[in-house]
Amino acid sequence: MANPKRSYAELLDEIESLKKQAEAVRKAELGEIIADIKRKIQEYELTAQDLGFGEQRRAPARTKDGRGSVKPKYRDPASGKTWTGRGRQPIWFRDALASGSKPADLAIGEG
């Protein structure tokens, strides 16, 4: 049991002292652990991929609104502007449809 005659301030001082001791022991142990890991990596000729640190599939990049980027589907032949086919139709797309073009005529890669 704790000594009831010790003050709150004395206990806080002891806590700080113990924290410092614990950090020193942690650093000493960490050095030994890292050295052991390095020895085993060399001994077993392990690679970063063997340890799960190699190339990993990354999630697709996200835009500000949290949605992934989408490749454009349509291109304006006059200006070169593009549209993904999502959201409101751009003015150039609406104008092209109004003048008789079909979406397939403006599709990228479908000539």
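Basis for what follows: all heavy atoms, side chains included, without hydrogens, waters or symmetry-related copies. Remember, predicted model here, so these are calculated numbers, not experimental data.
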According to a 4.5 Å side-chain heavy-atom criterion applied to Ile, Leu, Val, Met, Phe, Trp and Tyr, with indirect links allowed, do [X] and [Y] form part of one hydrophobic cluster?
X   : Y   : result
W83 : L97 : yes
I33 : F53 : yes
I37 : Y44 : yes

When rounded to the nearest 0.5 angstrom, what is the spacing between OG in S101 and CG in D76?
9.5 Å
Nearest-0.5 Å distance that lies between atom CG in L18 and atom CG in L11:
10.5 Å
Start with the C-alpha distance between L106 and F93, add both sets of side-chain angles, then the distance that settles side chain to side chain contact (heavy atoms under 4.5 Å, CB included), and finish with yes or no.
CA-CA 8 Å; L106 304 169; F93 191 83; 3.6 Å; yes
Test side chain to side chain contact (heavy atoms under 4.5 Å, CB included) on K71 and T84 and set out the steps.
CA-CA 6 Å; K71 292 182 181 179; T84 63; over 6 Å; no
For I41 and D50: C-alpha separation, side-chain torsions, deciding distance, then whether side chain to side chain contact (heavy atoms under 4.5 Å, CB included) applies.
CA-CA 10 Å; I41 287 172; D50 292 334; over 6 Å; no
Before accepting this row, confirm whether a basic side-chain N of the pair [X]/[Y] lies closer than 4.0 Å to the acidic partner's carboxylate O.
X   : Y   : answer
R39 : D36 : yes
E23 : K20 : no
K19 : E16 : yes

Test item: D13 side-chain N/O and E10 main-chain N/O as donor-acceptor pair under 3.5 Å
no
Is a donor on one side and an acceptor on the other found under 3.5 Å between the side chain of W92 and the backbone of D95?
no
